[in-house]
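Take a look at the structure below.
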Amino acid sequence: MTTIAIDPDTCSKCGTCIEICALGLIMKGKGNMPFMPDEVEAFCTKCGNCEAFCPEGAILPEYDTRYPTLSEEARQDITAGSLGLYMRQRRSVRNYQDKIVDRETIEDIIDIVRYAPSGMNNQPVHWLIVHDPAQVRKLAHITIDWMRSIMDSGIEHPLKPILPSLIAAYDNGKDPICRGAPHVAIAYAAAANPMAYTDSLIALSWFELAAPAFGLGACWAGFLKIAASYCQELKDELGLPEGHEVQYAMMFGYPKYKVYGIPGREPARITWK
Ligand SMILES: Cc1cc2nc3c(=O)[nH]c(=O)nc-3n(C[C@H](O)[C@H](O)[C@H](O)COP(=O)(O)O)c2cc1C
């Protein structure tokens, strides 16, 4: 059985799928009918580009898809101007309303995020959504306790110079770890997968970018991620499946404040050759 199934009645034999296949696994067969030989089937990453670029929709979907063919309306380009404005408006949100984001909304965001690119279409990212705000507070508490233990020990750690101010802020009733966010999204993956870190960062970037379209704000939780790499108590609390580790984390929720402007940034550093 071959991985891709092409409907011979609708295929126009245009050869686009043959050109599109990233690994060159689709070949011209009898009467120019494209096919994937059985012996290369194992190399197919199921990226679906042959399906996406087939003008006739003649290639049967590998996965269930809501969009086997796109309507003219759905194919309409978003303008560079509106996309640029949307993306530039993204801010790290560190102040949140005391309001729960319903699971359905979070699932809708992750349903977009699962379309993010991944090396070899490996799709290694799993999600742990810490939905209970009390659990989020507990993660922040464990992280601060871990920071205290670093300060109390002779351990050298690159974070050490900034830990006293984080601990002091926490002791003064602030949450410098999860910023009082109601929820945290943790992208985790098999520890043995060397590609998973990059894929997880891409997925979380998509999460952060998608959030404002749902009225939400997010912020990378770097301190939480670092603690999750070292602190056994935090690992135990997260309880990821055996052999899996936190790749990165992001706090999110309904923002307390609106964005009224877009701050500047360094000019782009580009070298042309
Ligand atoms: C990998 C990474 C880790 C981060 N960790 C934290 C964090 O732990 N706490 C925090 O308040 N902001 C964190 N940030 C947010 C950055 O401080 C923020 O992106 C930067 O100041 C630029 O602001 P902007 O995101 O609003 O453009 C992190 C950002 C990245 C990309």
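Whatever order the structure lists them in is the order used to number ligands and atoms, beginning at 1. A quick note: this is a predicted structure, and the numbers were derived from the prediction, not measured.
Rounding to the nearest 0.5 angstrom, the gap separating the CG atom in L238 from the CD atom in E245 is 12.0 Å.
The side-chain contact (heavy atoms from CB on, under 4.5 Å) test with L234 singles out one residue from D145, V246, L224, and that residue is L224.
With respect to atom 8 (O) of ligand 1, the closest heavy atom belonging to the protein is G222 N, 2.8 Å. Of all protein heavy atoms, the one closest to atom 4 (C) of ligand 1 is W220 CB, 3.4 Å.
Only side-chain heavy atoms of R265 come within less than 4.0 Å of ligand 1; its backbone N, CA, C and O stay farther off. Residue A221 touches ligand 1 through its backbone alone, judged by heavy-atom distances below 4.0 Å.
Proximity to C219 (heavy-atom distance under 4.0 Å) selects the following atoms of ligand 1: 10 (C), 11 (O), 12 (N), 13 (C). Listed by atom number, the atoms of ligand 1 under 4.0 Å from Y248 heavy atoms are 1 (C), 2 (C), 3 (C).
Atom 18 (C) of ligand 1 has its nearest heavy-atom neighbour, among A218, S92, A181, in S92. Taking all heavy atoms of R94, M251, R91, R88 into account, the minimum distance to atom 11 (O) of ligand 1 is reached by R94.
Considering backbone and side-chain atoms together, E208 places no N or O closer than 3.5 Å to any N or O of ligand 1.
A distance-only check finds no donor-acceptor pair linking the side chain of T105 to the backbone of V101 [under 3.5 Å]. Proximity of a side-chain donor or acceptor of S229 to a complementary backbone N or O of K225 within less than 3.5 Å is detected. In terms of modelled atom types and a separation under 3.5 Å, the side chain of Q97 and the main chain of K256 share no donor-acceptor contact.
Side-chain contact between P182 and K99 is absent, with no heavy-atom pair separated by less than 4.5 Å.
Remark: distances from the non-hydrogen atoms of K225 to ligand 1 are all 4.0 Å or more.
Cluster annotation: L240 and Y230 are assigned to the same hydrophobic cluster (Ile/Leu/Val/Met/Phe/Trp/Tyr, side-chain heavy-atom contacts under 4.5 Å, transitive).
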